[in-house]
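A quick write-up on the structure given underneath.
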Number of protein chains: 2
Amino acid sequence: MENKDILGDCSNGAICHMAYTMNRIAGKWKLVILWHIYDKEVIRYGELKRNIGKITHKMLSNQLKELVSDGIIHKEIYHQVPPKVEYSLTEYGKTLAPIMDMLYEWGKKNRKD
Amino acid sequence: MENKDILGDCSNGAICHMAYTMNRIAGKWKLVILWHIYDKEVIRYGELKRNIGKITHKMLSNQLKELVSDGIIHKEIYHQVPPKVEYSLTEYGKTLAPIMDMLYEWGKKNRKD
DNA sequence: CAGTATCCCTTGAGATACTG
DNA sequence: CAGTATCTCAAGGGATACTG
């Protein structure tokens with residue numbers, strides 16, 4: 001994965017903090033996915049995909065994988081047939097809740113279309 | 001520009017608000033750029049570029065252009081030689097300040113490297 | 001049902017050169 | 001100094017098929 005991070009050569013402390021956050025949650029879909037999980041608390045892959053709608057299978061899988069590996073969401077696998085997988089926010093992920101709330105509120109306030 | 005937006009076919013109100021926000025501020029660089037402008041209040045193109053460091057000329061120009069056209073930042077052009085251009089947050093852009101603060105704080109709190 | 005792998009094309013984004 | 005344009009190439013991401 002080399003260095004896809006922005007500001008990898010962080011010289012300014014303040015900016016680094018912002019960059020750290022962005023490296024976790026930036027991306028076209030991450031917050032939207034998180035928002036859906038946050039909304040339902042626990043959600044299965046299929047429902048998540050259906051709810052988001054305009055996301056492809058591959059995109060969703062990839063993003064979920066990253067979120068899991070970043071420790072933001074938890075993946076619970078039920079070994080049954082057919083398989084069932086549930087996603088939920090970890091405690092760490094839940095610390096993003098206030099941020100998601102603000103982003104939501106900001107959109108609600110400013111969207112005029 | 002067609003429809004690069006996520007969730008263009010918005011069926012769920014709540015999700016739409018979030019999507020609206022993401023359509024404004026998502027992107028690898030936008031919030032980092034905004035954070036720098038917010039930090040300095042008023043900043044020239046050159047200084048902005050130098051401060052961000054790891055961004056290319058093209059990227060920065062493009063992102064700034066989008067931010068201006070979204071009404072988030074203001075561009076003040078001084079017609080002199082050599083030219084001077086200053087960027088600052090608009091009133092609308094300033095409403096993002098609390099969000100930026102939270103993102104910053106979140107990064108500060110969680111960055112352990 | 002959930003997830004991976006492959007194919008393939010579009011887009012993003014860097015380097016560079018040029019203009020006002 | 002600030003910004004645009006072109007050329008180029010790698011990566012992102014869609015469609016589809018396959019596996020557990």
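Just so it is clear, the values below take in all heavy atoms, side chains as well, and ignore hydrogens, waters and symmetry mates. For clarity, every value in this text was computed on a predicted model and none was experimentally measured. In the text below, chain A, chain B and the rest are named by the order of the sequence lines, each starting its count at 1.
Taking atom CD of residue B:Glu66 and atom C1' of nucleotide C:dG12, one finds them 12 Å apart after rounding to whole Å. Atom CD1 in A:Ile73 sits roughly 14 Å away from atom C1' in C:dA2 (whole-Å rounding). Taking atom NZ of B:Lys65 as the reference point, atom P of C:dA13 lies 16 Å away to the nearest angstrom. Residue B:Asn62 contributes atom CG, which lies 10 Å from atom P of C:dG14 at whole-angstrom precision. The interatomic distance linking B:Gln63 (CD) with D:dT4 (C1') rounds to 16 Å, in whole Å. Between B:Ile52 atom CD1 and D:dA2 atom P the separation is 13 Å, expressed in whole Å. The separation between A:Ile43 atom CD1 and C:dA2 atom C1' is 14 Å, rounded to whole Å. Per the geometry, CG belonging to B:Leu64 stands 17 Å off P belonging to D:dC1, to the nearest Å.
Contacts of A:Glu105 classified as side chain to side chain contact (heavy atoms under 4.5 Å, CB included), with partners at least two apart in sequence or in another chain: A:Lys108. Legend: residues meeting side chain to side chain donor-acceptor pair (under 3.5 Å) with B:Lys65, ordered by chain and number and at least two apart, are absent. For B:Asp101, the side chain to side chain donor-acceptor pair (under 3.5 Å) partners two or more places apart in sequence, or in a different chain, are B:Tyr38. Judged as a side chain to side chain contact (heavy atoms under 4.5 Å, CB included), and not counting sequence neighbours, the contacts of A:Lys49 are A:Tyr45, A:His57, A:Leu60. For B:Lys109, the salt bridge (Lys or Arg N to Asp or Glu O under 4.0 Å) criterion is met by no residue, not counting sequence neighbours. The side chain to side chain donor-acceptor pair (under 3.5 Å) test applied to A:Lys94 returns A:Glu91, not counting sequence neighbours.
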For DNA chain C, please output the secondary structure as dot-bracket, reading 5' to 3'. Pairs are Watson-Crick or G-U wobble, both atom distances under 3.5 Å; mark crossing pairs with [ ], other-strand partners with |, unpaired with a dot.
||||||||||||||||||||
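Nearest nucleotide to the B:Met59 side chain, out of C:dG14, D:dG14, D:dT4: C:dG14.
Contact check, B:Arg44 against D:dA2: a side-chain N or O comes under 4.0 Å of OP1 or OP2. Remark: A:Lys75 is not in phosphate contact with C:dA2, judged by side-chain N or O atoms under 4.0 Å from OP1 or OP2.
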Begin from the C-alpha positions of B:Leu67 and B:Ile37 and carry the test side chain to side chain contact (heavy atoms under 4.5 Å, CB included) through to its verdict.
CA-CA 12 Å; B:Leu67 289 168; B:Ile37 297 176; 5.5 Å; no
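Looking at heavy-atom distances under 4.0 Å, B:Tyr87 makes contact with sugar-phosphate atoms alone, never a base.
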Show me the side-chain donor-acceptor pairs of residues 75-89 of chain A shorter than 3.5 Å, one per line, residues at least two apart or across chains.
| residue | atom | partner | partner atom | Å |
| --- | --- | --- | --- | --- |
| A:Glu76 | OE1 | A:His74 | NE2 | 2.8 |
| A:Tyr78 | OH | A:Glu86 | OE1 | 2.9 |

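Although no hydrogens or angles enter the test, the distance criterion places a donor-acceptor pair under 3.5 Å between the side chain of A:Asn23 and the main chain of A:Ala19.
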Per-nucleotide protein contact along nucleotides 15-20 of chain C, 5' to 3', at a 4.0 Å heavy-atom cut-off (B base, S sugar-phosphate only, - neither), is B----B
